[in-house]
Every structure is written in C-alpha cells, then in structure tokens.
> 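A single structure is presented below for examination.
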Amino acid sequence: MQKIHLVSGGCGFVGRNMVRRLLKTTQDKVFMIDDLSIGRHPSQWLEDYEAEMILDLEVIGKEKRLYFWKGDFRNLLFYMRVNQRYIQEKYSIDFDRFSDVFHFAAIVGGRMKIEGDPMIVALDLSIDAEFFYWITQHKPERVLYPSSSAAYPVSLQSTDYAIALSEGDIDFNKNLGTPDMTYGWSKLTGEFLAQIAAKYYGIKVACIRPFSGYGEDQELAYPVPAIAARAAGKEDPFEVWGSGKQGRDFVHIDDILDFIFLLLDNVSDGSAYNIGSGKLTSFLELIELFAEIAGYKPKIKPLLDKPVGVHSRYANMDLVTKVFGWEPKISLREGMERVYNVQLNHLKKLGR
Ligand SMILES: NC(=O)c1ccc[n+]([C@@H]2O[C@H](COP(=O)([O-])OP(=O)(O)OC[C@H]3O[C@@H](n4cnc5c(N)ncnc54)[C@H](O)[C@@H]3O)[C@@H](O)[C@H]2O)c1
C-alpha cells in the first residue's frame, strides 16, 4: 500500500519546504494540517495548484497525493482521540497508520512574539501534549519532533559567557538550566515527552534542535529575509535591533531537511541533535554581507529599544559530525545570496 505521511504546520516555513520535498522525492501521500494562523494556503506556494474537495478536506494535485486539512491541529487530535480511525472513516482514505509524522504546528514567531506575547507561545504546550498523547495511541512508524536551540540554558548564551552549545548542555538527569522564554520551555518539555514516548510506549522519535533556520520563502517577521529585503532596497542608514553585536548560527532550510531524513533513519529513542553550522555570525556581520551582495556601504543605526534575545547562540556540531559525519552543504554566502535574489525580484515586481 502507498505510504502516507503526516505534516502538521504544513503551510508554515519548515512545513511547506518539507511537503514539497516529500512530494518531489517520494511517491507517497502526504496529509497536511495547518490552521493558516501564520501559514500560507497551498495555492500560494505549490506549483500547478489544483484541488478538489472531499467534504472539508482539500485533495491537491493531479496525482491526488496531497491532502490539506485546514484547522487547529488540537481539534483533529481530539477527533482522533475519540475515534482512532477518524480520518480514514470520514474521508474514505484507506490506510492503516501514518508512516512518518513531522510535527511542525507551533506558535513560533520572531523575537517580537517570543518576548511580546509569551503566553500565546505557551499554548504550544497544549498542542504538544495532545500530539504526544496521540502518537502513543496511533503508533506511527517514525516521528520527528522539532525542538529548538531555544531549549538551551540562557546562562550559556550571555554577553559575558557564551559557548558553542553542545547536546550534553541539556541533560534531563542533571542540570537543565532556564531555557529561552515560554518558547524554550515548551520545546524542552516536548523533548522530555519525546523521550517518554520512546521509552514507555516504544514510539520511534527523533528530535532536532535547529539554530536559526532560514530560506528563500521565510516570512518577513524573521531577520534574514527582513534584512535581505532592506538591503535590496538599499536602506541607508541601515537599522539594526540592539547593538547588532548579538549573534546567531544560521542554517539553510535545505540542509535542515537533509539532516532530518538522516536522523529519522538513525535515531529512535527521542534524543535530540543540533542543526547548525557551528559558526556565530553577528547581525552586524549579516548586514555587512547583505550590503556587500547589494553593492553598497550603509551607515548602521542601532535601535536600542527593540528586543534582541540572548547575546550569542551557536551550535557545537562535534557530536553530529562524529556520529553522522554530517555538515551543512550551503555556505552562509550562498544561502544569503539566494534569499537576497528572491527579495530583489520581489522589489522589482513591485516596481521599486
Ligand atoms: N525555522 C526555524 O529556524 C526553526 C528553528 C527552531 C525550531 N523550529 C521549529 O520548527 C517548527 C516549524 O517552524 P516554522 O519556522 O516553520 O514556523 P511557522 O510559524 O512558519 O510554521 C508553523 C505553522 O503552524 C501553524 N499552526 C500554528 N498553530 C497551529 C495549530 N494549533 N493548528 C494547526 N496549525 C497551526 C501555523 O499557521 C504555521 O503555518 C516549530 O515547531 C518551530 O518551533 C523552527
């Protein structure tokens, strides 16, 4: 029987890249869920979009391999809690269980949301609690839980003391520290639930801790596309949040997806691995790079009232290199050029 995978948050940044990858590299079916609170409707990001309906479910594409259920994932999880075969029966789709389950539905947002509305982000705890309960009942073949580098203790990322963050800096049997706001707490809790699901229920789960993922079709609420767009418009003076000396570890979405598949093939006990480049890049350096790509030298204007988060957050990739021999393929310059070109074309279309 044809496999069917589930992608929650499938219309968000990571989700839609994953859905496109699954459709491109497999012949399998994909069941995608999103409430479109942030995500974009598939007609906006799928080539040759065409769809028909089974009740309220969109069946997308000529091959009818993609299903789109629009709504709050918690509602669907509740329906499946009441009736394990809810999807199969309601929509007459014939399958036994989902093969790979990618759980990207979450309230994320940029720094503005993480610090500006922390309690809405805390709702991730309710999405994840329902999710983990469901997988222990449904027993999919494999599960991917995206944690985040925000789960690491903020004390290791300060101005005075910042180290490359190693997987062992989170150890449920020792010291956990304080993660980054409610977002980090929900991710840390999610990792804990992943380990419980593996140990007590025999579910095959792998967790990732992506650092700052970016890509061509990321929302402008995130720094990389926002800075690229402003460089394409030759902003001068160039505004930066805070001093700009704070740094992050940027990793391209294509590399993130490559690593996810490698991890699913090799990890099943709920343990978590970093996805980063291992390099710290400050926002000033990022602006310099984009300005160089755009071919000008702007003055810098710090905006000291904007939220900046921890000072320095970057990955120690030693464990990943040692265990999997993996490293990202896309260099910072190549990745940023790709994002820049998209933003430049966008500006040209707008006639600016
Ligand atoms: N992008 C990164 O660099 C990065 C880094 C670390 C972790 N992550 C994690 O990866 C996952 C995906 O992140 P993203 O960047 O794609 O975020 P995103 O905001 O682009 O995507 C999340 C999607 O979930 C949807 N959603 C939110 N609540 C929902 C609900 N209750 N029911 C159904 N859909 C819902 C949103 O509409 C959105 O489309 C998140 O768990 C995030 O924490 C991402």
Side-chain angles (χ1 to χ4, degrees), residues 6-21 31-42 44-45 68-79 101-114 120-132 134 143-152 165 179-191 193-194 207-225 248-257 259-260 272-277 309 313-315 328 335 339:
L6 181 145
V7 182
S8 77
C11 300
F13 170 59
V14 183
R16 54 182 181 260
N17 279 283
M18 176 58 81
V19 167
R20 282 190 294 238
R21 172 83 66 106
F31 194 97
M32 168 171 87
I33 296 136
D34 204 296
D35 64 1
L36 300 187
S37 51
I38 293 290
R40 304 179 202 157
H41 188 271
Q44 294 176 34
W45 51 268
F68 174 40
W69 190 90
K70 178 179 172 298
D72 192 319
F73 190 27
R74 284 168 294 193
N75 290 338
L76 184 62
L77 290 166
F78 175 74
Y79 303 146
V101 167
F102 303 92
H103 175 46
F104 299 124
I107 298 162
V108 192
R111 200 27 65 185
M112 216 46 148
K113 194 178 257 177
I114 288 175
I120 197 165
V121 180
L123 290 176
D124 285 339
L125 291 161
S126 75
I127 303 176
D128 287 355
E130 290 286 349
F131 171 75
F132 278 106
W134 171 70
V143 178
L144 187 276
Y145 177 74
S147 176
S148 166
S149 52
Y152 280 111
L165 299 162
D180 187 0
M181 297 295 292
T182 51
Y183 180 61
W185 278 109
S186 79
K187 294 299 175 188
L188 192 59
T189 309
E191 284 192 25
L193 298 182
C207 298
I208 48 166
R209 288 183 197 144
F211 280 65
S212 294
Y214 72 93
E216 288 86 321
D217 63 344
Q218 195 174 27
E219 267 62 16
L220 284 171
Y222 289 86
V224 169
R248 294 292 181 269
D249 183 339
F250 297 100
V251 57
H252 192 274
I253 183 68
D254 289 349
D255 282 321
I256 295 181
L257 298 188
F259 187 64
I260 285 177
Y273 289 90
N274 285 343
I275 310 187
S277 66
R313 175 177 289 162
Y314 67 114
V339 178

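Only this structure's heavy atoms are used, side chains among them; waters, hydrogens and symmetry mates stay out. Sequential numbering from 1 along the given sequence is applied to the chain's residues. Just so you know, ligand 1 is whichever comes first in the structure, and atom 1 is the first atom listed for that ligand.
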> With backbone taken as N, CA, C and O and side chain as the heavy atoms from C-beta onward, which portion of S149 lies under 4.0 Å from ligand 1: side chain, backbone, both, or neither?
neither
> What do we get for E219 next to ligand 1 when only non-hydrogen atoms under 4.0 Å count, side chain, backbone, both or neither?
neither
> Hey, is D35 touching ligand 1 through its side chain, its backbone, both or neither, going by heavy atoms under 4.0 Å?
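The part of D35 near ligand 1 is both the backbone and the side chain.
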> Should R313 and D180 count as an ion pair when the cut-off is N to O under 4.0 Å?
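Salt bridge: yes.
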> Donor-acceptor check, side chain of R21 to backbone of D254, threshold 3.5 angstrom: yes or no?
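Side chain of R21 to backbone of D254, a donor-acceptor pair under 3.5 Å: yes, one is there.
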> How far is atom 37 (O) of ligand 1 from its nearest protein heavy atom, and which residue and atom is that?
D34 OD1, 2.7 Å
> Using 30° and 60° as the class limits, which term best fits the ring planes of F102 and F104: parallel, tilted or perpendicular?
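Parallel.
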> Can you pull out the closest protein heavy atom to atom 16 (O) of ligand 1? Residue, atom name and distance to 0.1 Å, please.
V14 N, 2.8 Å
> When you measure from atom 8 (N) of ligand 1 to each heavy atom in F104, Y183, F13, F73, which option holds the nearest one?
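Among F104, Y183, F13, F73, the closest heavy atom to atom 8 (N) of ligand 1 belongs to Y183.
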> Numbering the atoms of ligand 1 from 1, which are under 4.0 Å from a heavy atom of G39?
36 (C), 37 (O), 38 (C), 39 (O)
> Under 4.0 Å from ligand 1, counting heavy atoms only, is it the side chain of I127, its backbone, both or neither?
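Answer for I127: side chain.
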> Output the list of atoms in ligand 1 that are nearer than 4.0 Å to some heavy atom of G9, sorted by atom number.
23 (C), 24 (O)
> In the protein, what heavy atom is nearest to atom 27 (C) of ligand 1, and what distance, to one decimal place, separates them?
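Result: A106 O, 3.3 Å.
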> Report the part of Y214 (side chain from C-beta onward, or backbone N, CA, C, O) that has a heavy atom under 4.0 Å from ligand 1; answer both or neither where that applies.
neither
> Which atoms from ligand 1 have a heavy atom of I38 less than 4.0 Å away?
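Counting atoms of ligand 1 from 1, those under 4.0 Å from I38 are 19 (O), 36 (C), 37 (O), 38 (C).
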